[in-house]
Amino acid sequence: MEELELFQVKVRSGAHGFMDMNEAMNSRFPELMKEITQTTGAPNEAVATSVFMRRFGFFITAQLYLAAHGKMWDGPLDEVYLETTEGNIVFVIDERFIRERRDDDLETVLKHYAFPVVEAFRQAGHVSKIILWENLWGYIIWMYGMQTTEQAQKDAESLLVDELWQPEMKRSFFRQFLKGRSFEEAKADYKRITCCLYKELPNTDKCPYCPLAK
């Protein structure tokens, strides 16, 4: 599973790290924010939260990459470990949880991994959930842009269907981010509809796809 390292995810036997995602969402959230603030210079918890969720977007993208290739990692969030590498946070997961893909795995990725983490971090960090979902989407659309298989195309289309997200969410956040464009058009000319707050970091300008960029 070395290909998952493209998405900042390491697959190990006996995975470990300085904290797990369940701790990050709950009791050790302040500690995580302190770590991010120290390494990035984030001016407040809202910015630090958004910065982290950009990183978590890699983990969700890795899950969807596995699904597109007939696999799934189905461990609990307390088996998703955080590790610092060269000042960045990467994710470490145990190989024993990788299995063959099942029919409902896209829904599992959305509802068992993405949804609870977005909800926890939007509340703790006081950041709009739309920003956090779009932080995930940016890497997801990038990944699908590199895939040419029929399964990947089918999965991308499925993620735009409201029913896949319900009842936990009313509609597909990912379809909202297309702004009426087709998936192919959005891949070719990626633009955000929200600012991810990355520009608030020291010595950092707006991203080229930021809606605030002129």
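The shown structure was predicted, so the numbers you read here are calculated from the model rather than taken from an experiment.
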Colleague: Has Arg171 got more than 12 heavy atoms of other residues, nucleotides or ligands less than 6.0 Å from its CZ?
Modeller: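 12 or below, so no.
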
Colleague: Going from CH2 on Trp133 to OG1 on Thr194, what distance comes out if it is rounded to the nearest 0.5 angstrom?
Modeller: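 Trp133 atom CH2 to Thr194 atom OG1 measures 13.5 Å (nearest 0.5 Å).
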
Colleague: Can you tell me how far apart CG (Leu110) and CG (Leu164) are? Round to the nearest 0.5 Å.
Modeller: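 Nearest 0.5 Å value for the CG-CG distance: 5.0 Å.
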
Colleague: May I have the step-by-step check of side-chain contact (heavy atoms from CB on, under 4.5 Å) for His69 and Gln147, ending in yes or no?
Modeller: CA-CA 10 Å; His69 291 82; Gln147 307 302 311; 3.1 Å; yes

Colleague: Could you give me the CA-CA distance, side-chain angles and deciding distance for Thr204 and Thr40, then say whether side-chain contact (heavy atoms from CB on, under 4.5 Å) is met?
Modeller: CA-CA 10 Å; Thr204 304; Thr40 68; over 6 Å; no

Colleague: State, to 0.1 Å, how close Leu77 and Asp20 come at their nearest heavy-atom pair, and which atoms those are.
Modeller: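 Closest pair (atom of Leu77, atom of Asp20, distance): O-CB, 4.2 Å.
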
Colleague: List the steps, then state whether ring-ring contact (aromatic ring centres under 6.0 Å, His included) holds for Phe174 with Trp165.
Modeller: CA-CA 10 Å; Phe174 297 162; Trp165 297 64; 4.8 Å; yes

Colleague: I'd like to check the side-chain hydrogen bond (donor to acceptor under 3.5 Å, both in side chains) partners of Lys111; sequence neighbours left out, ordered by chain and number.
Modeller: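 By the side-chain hydrogen bond (donor to acceptor under 3.5 Å, both in side chains) rule, Lys111 matches Glu107, Glu168.
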
Colleague: Within the structure provided, determine whether Leu82 and Glu35 are in side-chain contact (heavy-atom separation under 4.5 Å).
Modeller: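 In short, these two side chains do not touch, never coming nearer than 4.5 Å.
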
Colleague: Are the side chain of Glu185 and the backbone N or O of Ser182 linked by a donor-acceptor pair below 3.5 Å?
Modeller: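 Pair found, side chain donor or acceptor close to backbone of Ser182.
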
Colleague: Using side-chain heavy atoms (C-beta onward) and a distance below 4.5 Å, is Asp74 in contact with Asp105?
Modeller: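 They are not in side-chain contact.
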
Colleague: Would you list the pairs meeting salt bridge (charged side-chain N to carboxylate O under 4.0 Å, His left out) in which at least one residue belongs to residues 138-148, sequence neighbours left out?
Modeller: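 Those involving residues 138-148 do not exist here.
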
Colleague: Nearest heavy-atom pair of Leu178 and Phe183: which atoms, and what distance?
Modeller: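 In this case the closest contact between Leu178 and Phe183 is CD1-N, 4.2 Å.
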
Colleague: Can you tell me which residue pairs pass the salt bridge (charged side-chain N to carboxylate O under 4.0 Å, His left out) test with a partner in residues 1-12, sequence neighbours excluded?
Modeller: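 Residue pairs with at least one partner in residues 1-12: Glu5-Arg12, Lys10-Glu83.
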
Colleague: Once you measure the plane-to-plane angle for Phe52 and Phe56, does it fall in the parallel (<30°), tilted (30-60°) or perpendicular (>60°) bin?
Modeller: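 Rings of Phe52 and Phe56: parallel, as their planes differ by under 30°.
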
Colleague: Does any pair with a residue in residues 131-143 pass salt bridge (charged side-chain N to carboxylate O under 4.0 Å, His left out), and if so which ones, sequence neighbours excluded?
Modeller: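 Applying salt bridge (charged side-chain N to carboxylate O under 4.0 Å, His left out) to every pair that reaches into residues 131-143, excluding sequence neighbours, yields Glu134-Arg192.
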
Colleague: I want to check something: taking the side chain as every heavy atom from C-beta on, are Arg55 and Val90 in contact at a cut-off of under 4.5 Å?
Modeller: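 Yes. Closest side-chain heavy atoms under 4.5 Å.
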
Colleague: Other than Val92, what residues sit in its cluster of Ile, Leu, Val, Met, Phe, Trp and Tyr side chains whose heavy atoms are under 4.5 Å apart, directly or through others?
Modeller: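 The other cluster members (ILVMFWY side chains, heavy atoms under 4.5 Å, direct or chained) are Tyr81.
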
Colleague: Are the side chains of Tyr139 and Phe59 in touch, meaning some heavy atoms are under 4.5 Å apart?
Modeller: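 Side-chain contact under 4.5 Å: no.
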
Colleague: So do the side chains of Met72 and Glu100 get within less than 4.5 Å of each other, counting heavy atoms only?
Modeller: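 No; the side chains remain at least 4.5 Å from each other.
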
Colleague: Measure from the side-chain N and O atoms of Asp94 to the backbone N and O of Ser13, and report whether any donor-acceptor pair falls under 3.5 Å.
Modeller: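 A pair under 3.5 Å: no.
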
Colleague: Please say whether more than 12 non-hydrogen atoms of neighbouring residues, nucleotides or ligands are located less than 6.0 Å from OH in Tyr198.
Modeller: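 Incorrect, the count does not exceed 12.
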
Colleague: Under 3.5 Å, is there a donor-acceptor pair between the side chain of Ser50 and the main chain of Ala48?
Modeller: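 No, because the side chain of Ser50 does not come within donor-acceptor range (under 3.5 Å) of the backbone of Ala48.
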
Colleague: Leu64 versus Leu106: any side-chain heavy-atom pair under 4.5 Å?
Modeller: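 Of all side-chain heavy-atom pairs linking Leu106 with Leu64, at least one is under 4.5 Å.
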
Colleague: What is the minimum heavy-atom distance between Phe58 and Leu6, and which atoms define it?
Modeller: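 Nearest pair, atom of Phe58 first, then Leu6: CE2-O, 4.2 Å.
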
Colleague: Can you tell me how far apart CZ (Phe177) and OG (Ser172) are? Round to the nearest 0.5 Å.
Modeller: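 Reported to 0.5 Å precision, the distance equals 8.5 Å.
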
Colleague: How close do Thr49 and Phe29 get, counting heavy atoms only, and between which atoms?
Modeller: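 Looks like OG1-CZ, 3.6 Å.
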
Colleague: Run the side-chain contact (heavy atoms from CB on, under 4.5 Å) test on Phe7 and Ile60 for me, step by step, so that the C-alpha distance in whole Å, both residues' side-chain angles and the decisive distance to 0.1 Å come before the verdict.
Modeller: CA-CA 9 Å; Phe7 310 109; Ile60 296 299; over 6 Å; no

Colleague: Do Ile93 and Glu79 come within less than 4.5 Å of each other through their side chains, counting heavy atoms only?
Modeller: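 Ile93 does not reach Glu79 side chain to side chain.
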
Colleague: Give the minimum heavy-atom separation between Ala67 and Arg101, together with the two atoms involved.
Modeller: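 What the structure gives for the nearest pair is O-NH1, 2.7 Å.
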
Colleague: Between Gln63 and Trp73, is there a donor-acceptor pair closer than 3.5 Å when you use the side chain of the first and the backbone of the second?
Modeller: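 Flag set: sc Gln63 to bb Trp73 pair under 3.5 Å.
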
Colleague: Output yes when a side-chain donor or acceptor of Arg54 lies under 3.5 Å from a complementary backbone atom of Cys196, and no otherwise.
Modeller: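 No, Arg54 side chain to Cys196 backbone: no donor-acceptor pair under 3.5 Å.
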
Colleague: Nearest heavy-atom pair of Ala68 and Thr149: which atoms, and what distance?
Modeller: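 Result for this residue pair: O-OG1, 4.2 Å.
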
Colleague: After noting the C-alpha distance and the side-chain angles of Phe121 and Asn135, does the key distance pass the side-chain contact (heavy atoms from CB on, under 4.5 Å) rule?
Modeller: CA-CA 12 Å; Phe121 276 82; Asn135 286 2; over 6 Å; no

Colleague: Salt bridge (charged side-chain N to carboxylate O under 4.0 Å, His left out): which pairs involve residues 21-31, sequence neighbours left out?
Modeller: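 Every salt bridge (charged side-chain N to carboxylate O under 4.0 Å, His left out) pair that includes a residue of residues 21-31, provided the two are not neighbours, is Glu23-Arg28, Arg28-Glu31.
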
Colleague: A side-chain contact here means heavy atoms from C-beta on lying under 4.5 Å apart; do Phe173 and Leu136 qualify?
Modeller: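 With C-beta onward as the side chain, the pair stays apart.
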
Colleague: Let me confirm one number: the OG1-CG distance from Thr61 to Leu66, rounded to the nearest 0.5 Å.
Modeller: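 It comes to 11.0 Å.
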
